[in-house]
Amino acid sequence: ASSSTLVKNSTNHNAIHQPVTQRSILLSSTNNYLSNPLVTRLCRATSTHSIWNETALPDKIKTLDEYKAIYALSIKDPNRFWKMAAECLDWYQFPTKIKNTEFDYRTSRGVDIKWYEDGIINVCYNCLDRHIHHDHSIAQQVALIFEPDTPTESRHHITYAELLRDVKKFANVLKKHGVKKGDRVTLYMPMVIEACVAMLACARVGAVHSVIFGGFSPNNIAERISGCDSTVIITTDFGVRGGKSSPLKTKIDQALALKQCSNVKTVLVFERNHGMTELKDDCSHLRKTLEWTDGRDFWVHKEMETVNDKCEPERMNAEDPLFILYTSGSTGTPKGIVHTTGGYLTYTSLTFKYSFDYNPGDVYMCTADIGWITGHSYVVYGPLANRATTVIFEGIPTYPDVSRYWNIIDKHEVNIFYTAPTAIRSLMQHDDAYVTKTNRQSLRILGSVGEPINPEAWKWYHSVVGDNRCPIIDTWWQTETGGIMISPIPNAWELEPGSATFPFFGIQTQLFDQTTKKPLKPPNHGELCIADSWPGQARSLYRNHERFVDVYFKTYPGYYFTGDGCEIKPNGYHWITGRVDDVLVISGHNIGTAEVEAALEEHAGVTEAAVVGYPDPKKNQGMYCFVTLKDNVKPSEELRKELIRSVRDSIGAHVYPDVIHFTSNLPKTRSGKIMRRILRKIVEPDTSNLGDTSTLNDPTIVEELIKNSPRTK
Ligand code: 6R9
């Protein structure tokens, strides 16, 4: 079959779209969407005339009213809404069934999620071929801009045509090594263009990729390879970050030496930045030290010479798995989150388009590593599906100095920049001049993801980085949700520092009381659940549907449980208050640790704070605050008192930090999340079994904290 048989789905299938006014949506609706107070409020506030034509989704969401109108429709008639969303992609066969989902584990069907189930589509085709197919001039548009760890003058740009050619050739290399539709392929790659090539090539041939973050150790790698029975590994010889090289291929060798990985037949090794001879550090001196297993290990650049550049995309069912991604950090064995094809691409594509207000020609940069979900959804799939130009950054924000991000923004004239609060907090502790000496006039939109962004960091990001000009798009979502769930739409409504504002189309938030397990009507604060399915959500855990149901669907039957706390204010704005296991109950008061952290971080001397509880016979729990200070600030008794005072001033007199522990660093996962699980154990104190600390950025910090904690003395 040739790709020319693909249909561009516009209005050429059966549905007759009746123009429906908002009033008629409101009045004619009999289903329970109206019982959702948020929806009711949104509908009531909406004008009575239709503000969009309702036959196709608009290119942009410009106003709150427009959002409200579309949101109301997306909840009232998800089949219609998500059909229109799917029309933004090209399908070999457009689905006749849109939504077919069950969240209630107590039913005979059980938890079961299917979207577009009879649709046939290929993700790689939609990210690459499609754009060129519809407009030949796109072939010459830059798809990826590579920014190497060492900021050299040289630019490495790759166009859509070049990326497609490389992907097709590499897809043929995969086929040559026996990779077939449905096979699992593990990627262990740094942030280089070749990582995108490898992911897209898997998608092209229908293989299921499992990307492991480049910082993981051989034991963790082995666990993740055997967990999904990968027989083919894709890696690079080396990765370079912050001026240091890391021997990725050697770590794979060590992982494969472990018994559980004996099924691996093939290791495909990219040369770091093959052919980029102008790079100062091309690792050629290290290459000589590599061990090589003949018959198992292959250089990709040599394999690429043996294949041609013709490769038809595999026709995939919408519900065929696209990738597995192991989630980081918490207890137990890692969870292999499974995402599928049609719904995932529809969702990441639409959220990218609206949340970042992407315009053709914009340069977009997301600093997340492709080893995390943000790298999957908003470095690779979402941007490419929208024909974006994306900067792939190999390095770290502090190398060669703390101006690096802002220099990259100037160098490539980045318009949309998406990063994490942990990076913002680490950069804001240095002199503002590191930012202000750069131009940054190209910036239009600033995004945030990964943790609650405290108002201090939000304001710094907004005023210092964005010159008070760029909206801060605080996007709340999870590996399990596939894409952005709660986020502002740029310039469509007012922002409040620290609030992710409103749910995306089709997302029905519902709060519950942690103790009574009863639903709560906003305005309120409770545990955040999602009432109905959306196309981007994970379908299961790899070969462990039972655990999937246990973790996400048992706490509140009929709902997806996020594990996060949320406050919905009277104006409908959503404030994520952190993981619900981070709520402290002190003398009958519920206190969100994120709130206390934000209060501490408002103090001019503080860089970052992490607050956990410990058992206290009188108050139920005591409050323990780990605090890191700015370069020039010294810990003192005076400062301790000041911090306690500012917490009480900011939240209330009932909130009293019992311990302030000044430290040089905090235990974080490599994606930058503070591991509160470990901090909780330290202060309990229960340091005999700290669980898995191997995913920490700097495991030695744990010993130091134990040594200096008054609770372990
Ligand atoms: C995308 C990603 C998910 C958890 C999530 C929440 C926290 C992410 C946030 C946020 C507040 C935001 N989180 N974004 N909290 N505001 N904008 O990070 O996925 O690595 O699976 O983490 O991260 O606690 O539950 P993942």
Side-chain angles (χ1 to χ4, degrees), residues 211 213 323-330 334-339 344 347-348 351-352 355-356 366-382 418-425 446-455 457-458 461 471-488 495-504 507 509 527-530 536-538 541 551-552 555 560-568 573-583 592-595 597-598 610 668-677 695:
V211 184
F213 175 62
F323 65 86
I324 298 166
L325 187 58
Y326 288 90
T327 46
S328 63
S330 55
K335 292 177 281 189
I337 305 288
V338 178
H339 281 286
Y344 173 80
Y347 196 74
T348 50
T351 48
F352 177 82
S355 291
F356 297 120
C366 168
T367 65
D369 193 279
I370 48 136
W372 310 120
I373 190 69
T374 310
H376 283 58
S377 301
Y378 300 110
V379 175
V380 182
Y381 292 118
Y418 191 28
T419 193
T422 177
I424 297 163
R425 283 196 297 266
L446 295 171
S448 172
V449 61
E451 303 162 81
I453 179 164
N454 49 305
W458 195 103
Y461 197 28
I472 304 296
I473 305 303
D474 176 9
T475 61
W476 173 84
W477 58 293
Q478 310 177 297
T479 304
E480 296 84 344
T481 69
I484 293 167
M485 299 286 279
I486 305 179
S487 120
L495 303 176
E496 292 180 15
S499 169
T501 72
F502 294 125
F504 193 72
I507 305 303
T509 54
E527 303 205 326
L528 177 62
C529 288
I530 310 296
Q537 86 173 119
L541 298 183
V551 175
Y552 304 107
T555 318
Y560 167 79
F561 175 45
T562 67
D564 280 318
C566 178
E567 180 173 3
I568 302 179
Y573 278 42
H574 288 59
W575 295 71
I576 303 295
T577 50
R579 302 294 306 179
V580 286
D581 33 19
D582 293 335
V583 173
T593 52
E595 252 188 325
E597 288 164 9
K668 290 187 182 174
T669 64
R670 292 194 179 88
S671 62
K673 290 196 170 60
I674 297 171
M675 282 255 238
R676 291 189 173 70
R677 171 173 67 82
T695 59

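Note that this is a predicted model, so its numbers are computed, not measured. Order of appearance sets the numbers: ligands from 1, and atoms from 1 within every ligand.
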Distance filter under 4.0 Å to [X] heavy atoms, resulting ligand 1 atoms:
{"X": "Ile576", "result": "11 (C), 15 (N)"}
{"X": "Thr475", "result": "9 (C), 12 (C), 14 (N), 17 (N)"}
{"X": "Thr479", "result": "19 (O), 20 (O), 21 (O), 26 (P)"}

[X] to ligand 1: N or O pair under 3.5 Å?
{"X": "Thr327", "result": "no"}
{"X": "Gln478", "result": "yes"}
{"X": "Gly450", "result": "yes"}
{"X": "Thr374", "result": "no"}
{"X": "Glu451", "result": "yes"}

Item to complete: Could you please spell out the steps behind the side chain to side chain contact (heavy atoms under 4.5 Å, CB included) verdict for Thr475 and Thr351?
Response: CA-CA 10 Å; Thr475 61; Thr351 48; over 6 Å; no
Can a side-chain donor-acceptor contact be found between [Y] and [X] if the only test is distance below 3.5 angstrom?
{"X": "Thr327", "Y": "Thr479", "answer": "no"}
{"X": "Tyr418", "Y": "Thr374", "answer": "no"}
{"X": "Thr419", "Y": "Thr367", "answer": "yes"}

Worksheet item: Nearest to atom 22 (O) of ligand 1 by heavy atom, His574, Lys335, Lys673: which?
Response: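 Considering heavy atoms of His574, Lys335, Lys673, the nearest to atom 22 (O) of ligand 1 sits in Lys673.
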Fill in: Minimum non-hydrogen distance to atom 2 (C) of ligand 1, winning option of Trp477, Trp575, Trp476
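That would be Trp477.
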Item to complete: Using a 4.0 Å heavy-atom threshold (strictly under), name the region of Asp564 that reaches ligand 1: side chain, backbone, both or neither.
Response: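 Looking at Asp564 and ligand 1, just side chain atoms fall under 4.0 Å.
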Worksheet item: What part of Ile373, side chain from CB on, backbone N/CA/C/O, both or neither, has a heavy atom under 4.0 Å from ligand 1?
Response: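 Just the side chain.
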Practice prompt. Assert yes or no for the condition that the ring centre distance of Trp477 to Tyr347 is strictly below 6.0 Å.
Written response: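 Judged by ring-centre distance (under 6.0 Å), Trp477 and Tyr347 do not meet the cut-off.
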Item to complete: Tell me whether the centres of the aromatic rings in Tyr381 and Phe352 are closer together than 6.0 Å.
Response: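 No, too far apart.
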Worksheet item: Only one of Ile337, Ile373, Asp564 clears side-chain contact (heavy atoms from CB on, under 4.5 Å) with Gln478; which?
Response: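 In the set Ile337, Ile373, Asp564, the residue that makes a side-chain contact (heavy atoms from CB on, under 4.5 Å) with Gln478 is Asp564.
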Item to complete: May I ask you to decide if Gly565's main-chain N or O and Thr577's side chain share a donor-acceptor pair within less than 3.5 Å?
Response: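 Such a contact is found between Thr577 side chain and Gly565 backbone.
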Worksheet item: Should the ring pair Tyr552 and Tyr560 be called parallel, tilted or perpendicular, given that the plane angle runs from 0 to 90° and is split at 30 and 60?
Response: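 If you compare the ring of Tyr552 with that of Tyr560, the planes turn out parallel.
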Worksheet item: Any non-hydrogen atom of Gly563 lying under 4.0 Å from ligand 1?
Response: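 For ligand 1, residue contact (heavy atoms, under 4.0 Å) with Gly563 is absent.
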